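Single-structure report; data block below.
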Amino acid sequence: MRIAVAGTGYVGLITGVCLAEMGHHVVCTDIREEKIQLLKTGRSPIFEPGLEPMLKQNLSNGRLDFTANPKTAYKDADIIYIAVGTPENEDGTANLDYIHAAAYTIGVSIEKDVIVCTKSTVPVGTNEKIKEIIQSVNPPPLQAEVVSNPEFLREGSGIIDFFNGDRIVIGTESREAAAIMEKIYLPLKIPIMKTDTRSAEMIKYASNAYLATKISFINEIAEICEKVGANIEEVAYGIGQDKRIGPHFLQTGIGYGGSCFPKDTKALVQIAGNVKHKFELLESVIKVNNRQQALAVLKAKEIVGSLKGKRVALLGLAFKPDTDDTREAASLAIVKALLEEDANIIAFDPAAIPNARKVFGNTIEFTMDINLAIEDADIAIIATEWDHIKHFPLERYTERMKSAIIIDGRNCYSLQDISKHPITYFSIGRPAIIDQPKRIKN
Ligand code: NAD
């Protein structure tokens, strides 16, 4: 199949590269020309494990190409994937400007019948609008069938998820388009669900809302655990043994972030509101998450009093490990709150510094070396559970910090390991370790 992909972000680039890997001829396009130039040289503008070698391989075997000219990408395509961003508007609704612009460009570019397959997360009814826009600039007899094919990949394991997803959802009113899309995905041997367009659009929002609900639920249970002297890890394990509940997404922390959960939960509240349904459960999930993100700095203030002039080592900037994405990361809320307290921040991250620098410029220091981050720090706050942090020798905290105080927002260490060191340690939903003699570095 000849496939075009609109958008070379996390979803578009992974989709394009993986479809080329499957043997299709893929041309990806983007409105950001500098991305296309970089991609043409075989380099990836995003950090995603395994992506760059696969990108290089498919560029060199001629199955993958990049162009900044959308007409070149779209005119001969059998299928055009839309994978452009749908960021949130100020009121929480999904901003569909990029989607509408992509649909218009597709409309003016296509020269033959085509399937337009939307991977972007879009509110119910958007695919109908896409079809309307295309037809308004390119009316029948030319046929553009729309398919909603929501994406469920997780940044950091996007390639693995593409080839091993739990399910593929194909939502369309066109039987022919559904059959063609099914044929594309059959070699993956992943269960395929064919449904109507609106249900497919809703499946994506409902999935993210449910996962966010699990996170806020366990975070609230963790808060209660701290107050009643229970341990959230024991509790989560005990809950997860129940097959009706399952063990996944029951890890407590300082809240969900990233480019999906925060915006998609808010968008679903708005989608419900549009049909006069107050989504009270999801509103609470969002509220709990906002509170959770503020927790680390509140704890820091409780422990050291004023943070003014204190050196704070922030360990982790990415919203989760194995990605450079900092969109809506808990670290951003932490940095903002720390700056308001006039703290001096030095942040460690192995991949996300360029993206964080775009947000914070020179207001904070950055380092890719944890040792430097914690050197002479008054307190360390862990915001991302990178392996670099999880496997960092604990004695270094006592050797290097001014005072070995850690607020672990991701429960990276076992209480047993911590208790072998003179570290004051606060995690989420577990008893604090404050009885250890605190080493004060001279
Ligand atoms: P992104 O911001 O990383 O990438 C979007 C890309 O689209 C950008 O490079 C942008 O320049 C480009 N673009 C914008 N308008 C364009 C146009 N008219 N033509 C061509 N390119 C255009 O976004 P992302 O994280 O890849 O997300 C894309 C969509 O997929 C969103 O709707 C998101 O909610 C959804 N999604 C994301 C993930 C994820 O993990 N990131 C997972 C599932 C679904």
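Treat the numbers as computed from the prediction; the structure is a model and nothing was measured. When a ligand or atom number is given, it counts from 1 through the structure's own listing order.
- Proximity to Arg32 (heavy-atom distance under 4.0 Å) selects the following atoms of ligand 1: 11 (O).
- Close contacts between ligand 1 and Ala102 involve ligand atoms 18 (N) [criterion: under 4.0 Å to a heavy atom].
- In terms of N/O distances under 3.5 Å, ligand 1 is not approached by Glu151.
- The shortest N or O to N or O distance between Asp264 and ligand 1 is not below 3.5 Å.
- Contacts of Arg327 with ligand 1, taken as heavy-atom pairs under 4.0 Å, involve the side chain alone.
- In terms of modelled atom types and a separation under 3.5 Å, the side chain of Asn58 and the main chain of Leu64 share no donor-acceptor contact.
- Side-chain contact check for Tyr397 versus Phe392: some heavy-atom pair is nearer than 4.5 Å.
- Taking any N or O of Asp30, backbone or side chain, at least one lies under 3.5 Å from an N or O belonging to ligand 1.
- Atom 16 (C) of ligand 1 has Val84 CG1, 3.4 Å as its closest protein atom, hydrogens excluded (heavy atom only).
- At least one N/O-N/O distance between Tyr10 and ligand 1 falls below 3.5 Å.
- At the top of the distance list for atom 4 (O) of ligand 1, counting protein heavy atoms only, stands Gly9 CA, 3.2 Å.
- Distances below 4.0 Å separate heavy atoms of Lys263 from the following atoms of ligand 1: 33 (C), 34 (O).
- A donor and an acceptor atom, one from each side chain of Lys263 and Thr86, are located under 3.5 Å apart.
- In this structure, Leu314 CG and Phe366 CZ are separated by 9.5 Å, a value rounded to the nearest 0.5 Å.
- The number of heavy-atom neighbours closer than 6.0 Å to CD1 of Ile160, taken from other residues, nucleotides and ligands shown, is 12 or below.
- Atom NZ of Lys131 sits in a crowded spot, with more than 12 heavy atoms from other residues, nucleotides or ligands closer than 6.0 Å.
- Close approach of ligand 1 to Lys204 (heavy-atom distance below 4.0 Å) involves ligand atoms 43 (C).
- Looking only at distances, no side-chain donor or acceptor of Ser216 sits under 3.5 Å from a matching main-chain atom of Thr213.
- With 3.5 Å as the limit, one finds no donor-acceptor pair spanning the side chains of Asn411 and Gln251.
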Exercise for the section: I would like to know whether Arg327 and Asp325 meet salt bridge (Lys or Arg N to Asp or Glu O under 4.0 Å); could you show each step before the answer? Expected result: CA-CA 6 Å; Arg327 289 178 284 185; Asp325 199 345; 3.0 Å; yes
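- Under 3.5 Å, the side chains of Asp369 and Asn371 contain a donor-acceptor pair of N or O atoms.
- Scanning the protein heavy atoms around atom 41 (N) of ligand 1, the nearest turns out to be Glu155 OE2, 2.7 Å.
- Residue Thr105 places no heavy atom under 4.0 Å from ligand 1.
- Nearest to atom 9 (O) of ligand 1 by heavy-atom distance, out of Lys35, Glu34, Glu48, Lys119, is Lys35.
- Within the set Thr121, Thr323, Ile31, the minimum heavy-atom distance to atom 35 (C) of ligand 1 is found for Thr121.
- For Arg154, no heavy-atom contact with ligand 1 is shorter than 4.0 Å.
- For Asn355 and Lys358, the side-chain atoms include at least one donor-acceptor pair closer than 3.5 Å.
- With rounding to the nearest 0.5 angstrom, the CD atom of Glu21 is 4.0 Å from the CE atom of Met54.
- Nearest protein heavy-atom contact of atom 5 (C) of ligand 1 is Gly85 N, 3.6 Å.
- Set against the non-hydrogen atoms of Thr86, the atoms of ligand 1 under 4.0 Å away are 31 (C), 32 (O), 34 (O).
- Looking at ligand 1, you'll find an N or O of Val11 within less than 3.5 Å of one of its N or O atoms.
- Proximity to Ala83 (heavy-atom distance under 4.0 Å) selects the following atoms of ligand 1: 5 (C), 28 (C).
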